Amino acid sequence: MESCTEEISYVSQQEAIEIDDMLMGPLGFSVDQLMELAGLSVASAIGEVYSSSDYTRVLVICGPGNNGGDGLVAARHLHHFGYKPSICYPKRNTKPLFAALVTQLESLSIPFLSEEQLSVQLSSDYDIIVDAIFGFSFHGTPRLPFDSLIRKLVSVRNQQCTHQKAAVIISVDVPSGWHVEDGDIFGVGIKPDMLVSLTAPKLCAKMFFGTHHFIGGRFVPQSIIDKFKLKPPPYPGTSMCVRIGNLPQTNLSAQKGIFASSESLEEVEEDPIYQFQKWFSNALAAGIKEPHYMVLSTADIDAKPSSRMMSLEGVNKDGFVWQTNYGSRKAREILENPQASLLFYWGPLKRQVRVEGFVEQVSEEESEQYFSSLSRDIQIRPIVSKQSRPIHEREVLRQQYRELEEKYHDRTSIPRPKHWGGYRLIPEFFEFWQGEESQVHLKLRYSMEEIDGRRVWRIHRLVPPLAESASSL
């Protein structure tokens, strides 16, 4: 399938609702027609990228609304395409349309599973997981059982970050847990490998930098295109979906040990957060082990610096988030001197990113939401760990861990300890370093400036001196 690299239009949540109303109103489309078109687009996009011979086992997680219906239709088509789908549909919609879709699937002997029947490690049972939980009309915070299912999908993505075998995740229209316009606000949501936008990409899709992005909207009439000033991509042949952007080549580059970048410094994102997310996604696609690890540097009141490795737990338009013990040395230094820096280095791609800015403690709500997304064994760790405090022997920690395991053995969640939570670095400076085989390394620098009373990012493109060695960043 060909890809489209032309400019694509994005729609707001309200515009998406209005388009749906027009399709099902004066333009005469029925809900089941739209679901059929959507589900076929999703299944076709999956078939284009993930061969049924290599990615046979598919889990489709369906929500109670139309997005879940799209997932049910996609599961039927995937079955006919040679995949072996299973479905988790915990809150079934009882309307005749949805009941008919379930009947169709049951007639094909496609199994329906409850959440309790899903293993903790989904990747051990499935090659592909389809996220068809919430669509563009959803708002608010996910509730049981979908909050738990989203946490399981997040853990799958964490496996990918640590270079473990993991299922690929495909989100239908909007990654579940994301705000339709602002994306993954708290930075703890699903990071799908593929996004299949339906009708037209929603605004949150601008913050998707996964490996594969498709649009399924060939059926959209010209009247809607004109009214909403859409820029639909050209669809190849008879296909119902089209890829946005070129197929990433980062895996091959990583194997070579260099990054043969075709990206011009004239083609970078105006917003450095988007530029970071793009490079981070490249690192994931290249299979780099633990690309989310970063060096956090802080300084005390006397400007004496200290550095340590940390795990990036989220990044969005507000900044970079990590979690730690509020009694640790870094926490004390942040209290005394809230200026800090982050350093990311992805060696196989010869890329480095430096970020500097102001650090603040995240809200209690945000810390609670992140903590609740963790598995029980990980939740126990910060309770046991009293960072920067001496202990007599390691066995004390092991014993405390075993005691807490026993105490909470019958609970899926544990109360967050008050001494543990998140920090956010609000960036004021970025520097992106791109190594080249010729050693003519390139730097892209963003600095915050005030222009006409507005704070904007100013971009500077730099070429470091040729005298710098290949190891000098």
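Small disclaimer: the values here were computed from a predicted structure and weren't measured.
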Open item on the list: I want to know whether F344 and F280 have ring centres closer than 6.0 Å.
Closed with: no
Return the minimal non-hydrogen interatomic distance between [X] and [Y], and the atom names on each side.
| X | Y | value |
| --- | --- | --- |
| I150 | G177 | CD1-N, 4.1 Å |
| R461 | L444 | CG-CD1, 3.8 Å |
| S41 | L37 | OG-O, 2.9 Å |
| E115 | S148 | OE2-OG, 2.6 Å |
| C62 | F146 | O-CE2, 3.8 Å |
| L203 | S12 | CD1-CA, 3.9 Å |

[X] and [Y]: side-chain donor and acceptor closer than 3.5 Å?
| X | Y | value |
| --- | --- | --- |
| E431 | H460 | no |
| E313 | S311 | yes |
| H212 | R243 | yes |

Roughly how far, to the nearest 0.5 Å, is the [atom2] atom of [Y] from the [atom1] atom of [X]?
| X | Y | atom1 | atom2 | answer |
| --- | --- | --- | --- | --- |
| M207 | E181 | CE | CD | 9.0 Å |
| R424 | E360 | CZ | CD | 5.5 Å |
| F208 | Y274 | CZ | OH | 14.5 Å |
| D32 | N66 | CG | CG | 10.5 Å |
| L78 | T56 | CG | OG1 | 11.5 Å |

Tell me if a side-chain donor or acceptor on [X] pairs with a main-chain N or O of [Y] at a distance below 3.5 Å.
| X | Y | answer |
| --- | --- | --- |
| Q33 | S30 | yes |
| W178 | I190 | yes |
| S9 | L230 | no |
| D127 | R57 | yes |

TODO: Kindly determine whether S176 and D131 satisfy side-chain hydrogen bond (donor to acceptor under 3.5 Å, both in side chains), including the steps that lead there.
DONE: CA-CA 7 Å; S176 294; D131 156 35; 2.5 Å; yes
TODO: Answer yes when E450 and R455 have at least one side-chain N-carboxylate O distance shorter than 4.0 Å, and no when they do not.
DONE: no
TODO: Could you tell me whether D271 and K317 make a salt bridge, using a distance below 4.0 angstrom between a side-chain N and a carboxylate O?
DONE: no
Open item on the list: With ring pair (Phe, Tyr, Trp, His ring centres under 6.0 Å) as the test, pick out the partner of Y50 among Y126, Y55, Y83.
Closed with: Y55
Task: Residues R416, E364; criterion salt bridge (Lys or Arg N to Asp or Glu O under 4.0 Å); working and verdict - done: CA-CA 10 Å; R416 178 180 68 91; E364 289 286 314; 2.4 Å; yes
Any side-chain heavy atom of [X] within less than 4.5 Å of one from [Y]?
| X | Y | result |
| --- | --- | --- |
| V359 | W322 | yes |
| F432 | L442 | no |
| I8 | I244 | yes |
| E366 | V321 | yes |
| F98 | M35 | yes |
| L195 | F214 | no |
| L425 | V355 | yes |
| R351 | W279 | yes |

TODO: Validate the cation-pi geometry between R354 and W433: distance from NZ or CZ to the six-membered ring centre under 6.0 Å, angle to the ring axis within 45°.
DONE: no
- [ ] Quick one: sort the F320 and F430 rings into parallel, tilted or perpendicular, breaks at 30° and 60°.
- [x] tilted
Open item on the list: Tell me whether the rings of F138 and F134 are parallel (<30°), tilted (30 to 60°) or perpendicular (>60°).
Closed with: parallel
Task: Partner residues of D173 under the salt bridge (Lys or Arg N to Asp or Glu O under 4.0 Å) criterion, sequence neighbours left out - done: K202
TODO: Test K278 against E269 for salt bridge (Lys or Arg N to Asp or Glu O under 4.0 Å), laying out the working first.
DONE: CA-CA 9 Å; K278 181 190 294 185; E269 299 288 337; 3.3 Å; yes
Using a 3.5 Å cut-off and no angle test, enumerate the donor-acceptor pairs between side-chain atoms of residues 84-97 and protein atoms at least two apart in sequence or in another chain.
unit_1: Y89; atom_1: OH; unit_2: N93; atom_2: N; d: 3.1
unit_1: N93; atom_1: OD1; unit_2: K95; atom_2: N; d: 3.0
unit_1: N93; atom_1: ND2; unit_2: P64; atom_2: O; d: 3.0

Side chains of residues 102-113: which donor-acceptor partners sit under 3.5 Å, not counting sequence neighbours?
unit_1: T103; atom_1: OG1; unit_2: A99; atom_2: O; d: 3.0
unit_1: Q104; atom_1: OE1; unit_2: R76; atom_2: NE; d: 2.9
unit_1: Q104; atom_1: OE1; unit_2: R76; atom_2: NH2; d: 3.2
unit_1: S107; atom_1: OG; unit_2: Q104; atom_2: O; d: 2.6

Open item on the list: Check this for me: E270, atom CD, are more than 12 non-hydrogen atoms of other residues, nucleotides or ligands nearer than 6.0 Å?
Closed with: no
